[in-house]
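Down below is the structure, laid out as structure tokens.
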Amino acid sequence: MAMVNYIDQTLKVYKSMADEADDELEKRRYQVIYDMYISEDKKTVKEISEIQFCTERTVYKLVNGACETLSVLMFGVDGVRFIK
């Protein structure tokens, strides 16, 4: 239960960071992660690509970028090593 709470808190921090970011890319990354994994009405990669006006490959790139940020938030800089 402690790990689930930790993940929930990390996702809240990531949402706050994305909301406050001047970078639209980070906002877009969070939205893709939200639509794909968090929302009660989960969307497919195809649906997200249509919503975001991009290719399906771009959706996967956005997910990868969000995972890098989340890894740093959850595990510190060492978390990035596990992605690559």
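Numbers here simply count residues along the sequence, with the first being 1. This one's a predicted model, so the numbers in the text were calculated from it and none came from an experiment.
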**Request:** Provide the closest heavy-atom pair for Ala21 versus Glu26 in the form atom of the first, atom of the second, distance.
**Result:** CB-CB, 4.3 Å

**Message:** Contact between Leu73 and Met17 at the side-chain level, heavy atoms closer than 4.5 Å - yes or no?
**Reply:** yes

**Request:** Rounded to the nearest 0.5 Å, what's the gap from CZ on Arg29 to CD1 on Ile33? Could you check?
**Result:** 10.0 Å

**Distance-only polar pair, side chains of Gln31 and Asp35, donor-acceptor under 3.5 Å** = yes

**Rounded distance [0.5 Å steps], SG in Cys67 versus OH in Tyr37** = 6.5 Å

**Asked** According to a 4.5 Å side-chain heavy-atom criterion applied to Ile, Leu, Val, Met, Phe, Trp and Tyr, with indirect links allowed, do Ile48 and Ile38 form part of one hydrophobic cluster?
**Response** yes

**Asked** What pair of heavy atoms forms the shortest contact from Val59 to Cys54, and how long is it?
**Response** CG2-SG, 3.8 Å

**Asked** Quick check: does any side chain N or O of Thr10 sit under 3.5 Å from a backbone N or O of Tyr6, one acting as donor and the other as acceptor?
**Response** yes

**Request:** Hey, could you give me the CZ/CZ distance between Arg28 and Phe53, rounded to the nearest 0.5 Å?
**Result:** 10.0 Å

**Asked** Closest heavy-atom contact between Val32 and Gln52?
**Response** CG2-CG, 4.2 Å

**Prompt:** Which residue pairs pass the side chain to side chain donor-acceptor pair (under 3.5 Å) test with at least one member in residues 16-25, sequence neighbours excluded?
**Reply:** Lys15-Asp19

**Prompt:** Between Tyr30 and Leu11, what is the shortest heavy-atom contact and its length?
**Reply:** CE1-O, 4.1 Å

**Prompt:** Linking I/L/V/M/F/W/Y whenever their side-chain heavy atoms sit closer than 4.5 Å, directly or via other members, would Met3 and Tyr14 fall into one cluster?
**Reply:** yes

**Request:** Can you sort out the partners of Glu47 under side chain to side chain contact (heavy atoms under 4.5 Å, CB included), two or more places apart, ordered by chain and number?
**Result:** Lys43, Thr44

**Request:** With sequence neighbours excluded, tell me which residues meet salt bridge (charged side-chain N to carboxylate O under 4.0 Å, His left out) with Glu50.
**Result:** Lys46

**Message:** To the closest 0.5 Å, what do you measure between CG (Leu62) and CZ (Arg57)?
**Reply:** 10.0 Å

**Request:** Looking only at non-hydrogen atoms, find the nearest pair between Ala18 and Lys27 and report the distance.
**Result:** O-CG, 2.9 Å

**Prompt:** Could you walk me through whether Met1 and Asn5 pass the side-chain contact (heavy atoms from CB on, under 4.5 Å) check?
**Reply:** CA-CA 6 Å; Met1 191 59 156; Asn5 288 333; 4.1 Å; yes

**Message:** Is there a path of hydrophobic side-chain contacts, each under 4.5 Å between heavy atoms, that joins Met36 and Ile51?
**Reply:** no

